[in-house]
S.K.: 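To start, I am sharing the structure in question, which I have written as structure tokens.
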Amino acid sequence: MPDDLLTKEYSPAAAACESARIGMAIMRLGLGVMFLYVFFENLSKGLYSKNGYTGLINYYLEKGHAPGFWKNIMSLAASHAATAGPMQAFTEIGFGVFLLLGLMTRPVAFAAFLFLTSLWISEWGTAWIWELLVPMIAALSIMVGGAGRKWGIDAALAGRYPRFPLW
């Protein structure tokens, strides 16, 4: 047993903080895996192609209950599906990779929260309301908790640049 373990006092507060960091890191890894899974699932379904993306958005436009202004935004995306589909693919795989690496976790988690919120609004009336609400809450929690500081590259960056707010 290392000598420093014998000389340090046990601190319940420090143990609770460490447990919270581990919990946040597990949530970050889970959300990262979810984004990668969704990317590969959508890729296999052809949803990032022009026709696949247009078809999906048109389904939400016809069957969904999103507000009118939001449906206008969705129509714009559908009319530019050749660009919007690959942009969504890049976004989803990017979120997954960055979250798994624990790199730039706070801004990535915030962007993921906004992205998931946009999907949640788009899917109103077509999907179970909690399907995206829970990952939205997880993304926001990961951002607030700085989950990249445990088991992530952000931990090294925070040690080197502790006052930089992105870690």
S.K.: Indicate the atoms forming the closest heavy-atom contact of Ser118 with Trp70, along with that distance.
M.R.: CB-CZ2, 3.4 Å
S.K.: Quick one: closest heavy-atom pair of Ala78 and Thr54, and the distance?
M.R.: O-OG1, 3.5 Å
S.K.: Heavy atoms, side chains only, cut-off 4.5 Å: are Leu166 and Asp154 in contact?
M.R.: no
S.K.: Drop me the distance from Leu29's CG to Leu99's CG, to the nearest 0.5 angstrom.
M.R.: 8.5 Å
S.K.: Under a single-linkage definition using a 4.5 Å side-chain heavy-atom cutoff for Ile, Leu, Val, Met, Phe, Trp and Tyr, are Tyr59 and Met74 assigned to the same hydrophobic cluster?
M.R.: yes
S.K.: Find out whether Pro86 and Tyr53 are in side-chain contact, i.e. whether some heavy atom of one side chain is under 4.5 Å from a heavy atom of the other.
M.R.: no
S.K.: What is the minimum heavy-atom distance between Glu92 and Phe39, and which atoms define it?
M.R.: OE1-CA, 4.1 Å
S.K.: Any chance you could measure Glu123, atom CD, to Lys63, atom NZ, to the nearest 0.5 Å?
M.R.: 15.0 Å
S.K.: Can you get from Phe90 to Val108 by hopping between Ile, Leu, Val, Met, Phe, Trp and Tyr side chains that sit under 4.5 Å apart?
M.R.: no
S.K.: Say you draw a straight line from CG of Leu133 to CD of Glu131; how long is it, rounded to the nearest 0.5 Å?
M.R.: 11.0 Å
S.K.: What orientation do Phe95 and Phe115 show, parallel under 30°, tilted 30 to 60°, or perpendicular over 60°?
M.R.: perpendicular
S.K.: Hydrophobic clusters here meaning ILVMFWY residues chained together by side-chain heavy-atom distances under 4.5 Å, can you tell me if Phe69 and Leu114 are in one?
M.R.: yes
S.K.: For Phe164, enumerate each residue passing the ring pair (Phe, Tyr, Trp, His ring centres under 6.0 Å) test, keeping only those at least two apart in sequence or located in another chain.
M.R.: Trp167
S.K.: Would you say that Glu18 contacts Ile22 through its side chain, given a criterion of any heavy-atom pair below 4.5 Å between the two side chains?
M.R.: yes
S.K.: Within this structure, what is the CD1-CH2 distance for the pair Ile129 and Trp120, rounded to the nearest 0.5 Å?
M.R.: 5.0 Å
S.K.: Closer than 3.5 angstrom, by distance alone: can the side chain of Lys71 be matched with the main-chain N or O of Gly64 as a donor-acceptor pair?
M.R.: yes
S.K.: Please tell me whether Leu119 and Ile73 are part of a single hydrophobic cluster in this structure, the criterion being side-chain heavy atoms less than 4.5 Å apart.
M.R.: yes
S.K.: At their closest point, which heavy atom of Leu61 faces which heavy atom of Ser75, and how far apart are they?
M.R.: CD1-OG, 3.6 Å
S.K.: Would you say Ile57 ends up clustered with Met87 if hydrophobic residues are merged whenever their side chains have heavy atoms under 4.5 Å apart, either directly or through other cluster members?
M.R.: no
S.K.: Can you tell me how far CD1 of Ile137 sits from CG of Leu116, rounded to the nearest 0.5 angstrom?
M.R.: 11.0 Å
S.K.: Give the intermediate values and the outcome of side chain to side chain contact (heavy atoms under 4.5 Å, CB included) for residues Ile26 and Trp151.
M.R.: CA-CA 9 Å; Ile26 291 168; Trp151 304 334; 3.9 Å; yes
S.K.: I need the minimum non-hydrogen distance between Pro135 and Trp130, along with the two atoms involved.
M.R.: CD-O, 4.2 Å
S.K.: Would you find more than 12 non-hydrogen atoms of other residues, nucleotides or ligands less than 6.0 Å from Lys50 atom NZ?
M.R.: no
S.K.: Please answer whether the main-chain N or O of Val144 pairs with a side-chain N or O of Arg106 as donor and acceptor at a distance below 3.5 Å.
M.R.: yes
S.K.: If I take atom CZ from residue Arg149 and atom CZ from residue Arg28, how far apart are they, to the nearest 0.5 angstrom?
M.R.: 12.5 Å
S.K.: With the side chain counted from C-beta on, respond yes when Ile142 and Phe113 share a heavy-atom pair under 4.5 Å apart, and no when they do not.
M.R.: no
S.K.: Please give me the minimum heavy-atom distance between Tyr48 and Val38, naming the atom from each residue.
M.R.: OH-O, 3.9 Å
